[in-house]
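These notes are about the structure you will find just below.
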Number of protein chains: 2
Amino acid sequence: MAPRPKHADATRDEDIDRFIEAWGRMGSVWGISRTMAEVHALLYITGDALCTDDIMARLEISRGNASMSLRSLQDWGIIKRVHRRGDRKEYFVADQDVWMIFRSIVRERMKREIDPLLVSLHEIRDHTREDGQKAASDIDERLDAMIEFFETATGLAERFIGPTGPGLRLAASLLGVSDKAVKSARSGRAARGGKNG
Amino acid sequence: MAPRPKHADATRDEDIDRFIEAWGRMGSVWGISRTMAEVHALLYITGDALCTDDIMARLEISRGNASMSLRSLQDWGIIKRVHRRGDRKEYFVADQDVWMIFRSIVRERMKREIDPLLVSLHEIRDHTREDGQKAASDIDERLDAMIEFFETATGLAERFIGPTGPGLRLAASLLGVSDKAVKSARSGRAARGGKNG
DNA sequence: CACCGTTTTCAGAATGGATTGAAACTTTTT
DNA sequence: AAAAAGTTTCAATCCATTCTGAAAACGGTG
């Protein structure tokens with residue numbers, strides 16, 4: 001039967017590499033740089049506390065790059081520093097709760113992107129309004145529609161990521177998204193038995 | 001009587017410029033290029049059907065760039081071509097329904113980013129599984145957690161953007177996102193101050 | 001306070017994505 | 001079928017962001 005090869009560790013490392021690559025590619029989606037995503041991937045998937053040198057070596061990146069990525073990841077609140085007694089190095093661990101990671105990222109992105117956009121939209125609309133010119137009324141309506149959308153979306157997001165807890169899971173059940181629904185929604189590949197609570 | 005300044009059009013154009021700029025800046029968030037977002041902004045906010053030359057002139061971009069942006073926007077399904085009788089040019093109009101725009105964008109991003117990620121994650125997990133090595137079991141768990149998250153999120157998103165209709169509005173009420181947000185959902189009016197709880 | 005291991009900073013180099021512009025192509029008109 | 005009008009493609013170029021590497025700063029220790 002399945003022989004347990006001595007190169008099990010090498011296999012494991014390969015899998016880790018693949019995960020890092022996949023997650024790094026996602027970086028753009030979340031608006032973070034590839035390297036930053038890779039550093040996070042490494043910390044998340046290993047679950048270990050790693051120091052800067054570990055990360056530099058594993059990812060083959062410069063010290064400066066590692067330092068900056070780690071800093072950003074901390075700013076985003078998805079990794080934290082840990083100290084080891086008798087060791088002068090800093091170690092880093094990734095938050096292991098995927099929902100938390102998601103919340104942190106969404107919160108940060110909203111703060112950086114959506115909030116300023118809403119400010120701009122309001123400024124523009126206030127301006128078109130106070131001019132009171134008829135010419136702008138159609139534009140006004142479109143601005144209104146957009147502002148309304150983003151404010152509703154913001155409100156929704158705050159529910160999800162707010163301090164009230166793991167809102168998404170709640171939302172999932174509220175909306176009746178069952179495992180079945182999820183499975184059948186995925187066409188093509190999907191045979192597997194992921195399970196837990 | 002509202003005073004009707006002769007520079008009304010100039011003022012309007014300025015407002016449009018500001019909107020284009022704000023929306024263009026958002027481009028990165030949605031993973032589309034700045035110019036593409038600006039073209040969309042122009043079409044959306046004016047509500048007009050514009051031809052390539054109009055867009056080139058207004059945005060001061062090259063023909064090639066305009067052509068490619070328009071093409072992408074069509075691929076994303078948020079603008080469409082219109083034909084005018086007796087005119088050989090193609091004109092373009094933006095979908096005026098903000099919810100539809102959002103749905104199109106989310107659908108497209110999921111197809112391009114999340115689905116491939118999920119495929120990769122499954123491949124990696126299947127691989128760590130079939131090796132059956134103990135060393136990988138902790139990694140397995142983390143992969144499981146991540147897969148479960150993305151599948152739930154995907155299922156949720158499909159609810160929102162599915163053909164069933166304006167799911168987000170429904171979601172908003174289901175989740176009890178302040179009645180304010182939902183009420184002001186009636187077109188034409190809006191009050192500042194998105195805080196709620 | 002001088003030393004040593006470590007982290008941060010930052011100017012310049014490298015990289016990759018966006019943009020141009022002109023040629024190639026398509027469609028309509030005469 | 002040639003000309004005219006409009007659109008798309010793509011190699012070359014531009015530009016913004018990311019990355020490097022070495023120097024500066026930090027912070028304990030003896």
Side-chain angles (χ1 to χ4, degrees), chain A residues 20-21 23-43 49-76 79-93 108-109 112-113, chain B residues 20-21 23-43 49-76 79-93 108-109 112-113:
Chain A
I20 290 172
E21 195 194 325
W23 197 235
R25 217 179 297 126
M26 275 291 285
S28 56
V29 183
W30 305 92
I32 69 187
S33 83
R34 193 177 88 323
T35 301
M36 201 175 138
E38 286 183 354
V39 171
H40 178 254
L42 177 61
L43 289 169
L50 302 177
C51 69
T52 306
D53 293 274
D54 295 334
I55 291 163
M56 285 169 59
R58 191 67 157 81
L59 262 30
E60 298 183 77
I61 59 175
S62 71
R63 188 170 297 283
N65 197 4
S67 175
M68 280 178 150
S69 296
L70 288 166
R71 156 61 63 120
S72 303
L73 253 6
Q74 287 175 78
D75 290 347
W76 283 65
I79 71 172
K80 62 181 203 293
R81 312 160 75 145
V82 296
H83 225 96
R84 278 185 177 168
R85 281 228 273 190
D87 192 336
R88 274 154 87 161
K89 286 204 203 69
E90 304 271 9
Y91 290 76
F92 301 88
V93 289
E108 198 66 20
R109 292 230 60 142
R112 294 182 190 202
E113 312 284 358
Chain B
I20 290 172
E21 197 195 325
W23 197 233
R25 217 179 298 126
M26 276 291 285
S28 55
V29 183
W30 304 94
I32 68 185
S33 85
R34 195 180 92 294
T35 301
M36 202 175 136
E38 287 182 356
V39 172
H40 178 254
L42 177 62
L43 289 170
L50 302 177
C51 69
T52 305
D53 292 275
D54 295 334
I55 290 164
M56 286 170 59
R58 190 66 158 79
L59 263 27
E60 298 181 75
I61 59 174
S62 71
R63 187 171 298 282
N65 199 2
S67 174
M68 278 179 150
S69 297
L70 287 166
R71 157 61 64 122
S72 303
L73 254 6
Q74 288 174 78
D75 290 346
W76 284 66
I79 70 171
K80 63 180 202 293
R81 313 161 75 145
V82 297
H83 226 99
R84 278 185 177 167
R85 276 225 277 200
D87 192 336
R88 273 156 84 163
K89 285 202 203 72
E90 304 270 10
Y91 290 78
F92 300 88
V93 288
E108 199 66 22
R109 291 230 60 143
R112 294 181 191 204
E113 312 284 358

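The chains referred to below are lettered A, B, ... by the order of the sequence lines, with proteins before strands, and numbering in each begins at 1. Every value quoted in this text rests on a predicted model; they were computed, and no experiment measured them.
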Should Ile55(B) and Leu70(B) be marked as a side-chain contact (heavy atoms from CB on, under 4.5 Å) after you check the CA-CA gap, both sets of side-chain angles, and the distance that decides it?
-> CA-CA 10 Å; Ile55(B) 290 164; Leu70(B) 287 166; 3.8 Å; yes
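- A straight line from CE of Met36(B) to C1' of dG17(C) spans 14 Å, rounded to a whole angstrom.
- The CG-C1' distance, from Asp53(A) to dG21(D), rounds to 15 Å in whole Å.
- Checked against dG6(D), dC19(D), dT19(C), the side chain of Thr35(B) finds its nearest nucleotide in dT19(C).
- Rounded to whole angstrom, the span from the CZ atom of Arg84(A) across to the C1' atom of dG5(C) amounts to 17 Å.
- With a 4.5 Å cut-off on side-chain heavy atoms, Trp76(A) and His40(A) do not count as touching.
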Name the pairs: protein N/O against N/O of nucleotides 26-30 of chain C, kept only if under 3.5 Å.
| unit_1 | atom_1 | unit_2 | atom_2 | d |
| --- | --- | --- | --- | --- |
| dT28(C) | O2 | Arg88(B) | NH2 | 3.3 |

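- Here dT7(D) presents its P atom at 11 Å from CG of Asp54(B), a figure rounded to the nearest Å.
- Of all heavy-atom pairs between Val82(B) and Phe92(B), the closest is CG2-N, 4.3 Å.
- No side-chain heavy atom of Thr35(A) sits less than 4.5 Å from a side-chain heavy atom of Leu59(A).
- Arg25(B) is not listed as a side-chain neighbour of Trp23(B), based on a closest heavy-atom distance of 4.5 Å or more.
- Residues Ile79(A) and Val93(A) have side chains not in contact (no heavy-atom distance under 4.5 Å, counting atoms from C-beta outward).
- Here the shortest heavy-atom pairing between Gly27(A) and Ala37(A) reads CA-CB, 3.9 Å.
- The separation between Arg25(A) atom CZ and dG17(C) atom P is 13 Å, rounded to whole Å.
- Ion pairing between a basic and an acidic side chain is recognised when a charged N comes within 4.0 Å of a carboxylate O; Asp53(A) and Arg63(A) show such pairing.
- The closest donor-acceptor contact from the side chain of Asn65(B) to the backbone of Ser62(B) lies at 3.5 Å or more, if one exists at all.
- With rounding to whole Å, Asp87(A) atom CG is found 7 Å from dT6(C) atom P.
- When rounded to the nearest whole Å, the span between CD1 of Ile61(B) and P of dG21(C) equals 12 Å.
- When the C1' atom of dG5(C) is taken as reference, atom CE of Met56(A) falls 14 Å away, rounded to whole Å.
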Can you tabulate the close N/O pairs, meaning under 3.5 Å, that link protein atoms to atoms of nucleotides 13-16 of chain C?
none

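- Put simply, the side chain of Thr52(A) does not reach to within 4.5 Å of the side chain of Tyr91(A), judged on heavy atoms.
- OP1 or OP2 of dA16(D) has not a single side-chain nitrogen or oxygen of Arg34(B) nearer than 4.0 Å.
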Which atom pairs link the protein and nucleotides 8-13 of chain D when you take only N or O atoms and keep those under 3.5 Å?
| unit_1 | atom_1 | unit_2 | atom_2 | d |
| --- | --- | --- | --- | --- |
| dT8(D) | OP2 | Ser67(B) | OG | 3.2 |

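- Of the residues listed (Arg81(A), Arg71(A), Lys80(A)), the one engaging Glu90(A) in a salt bridge (Lys or Arg N to Asp or Glu O under 4.0 Å) is Arg81(A), and it is the only one.
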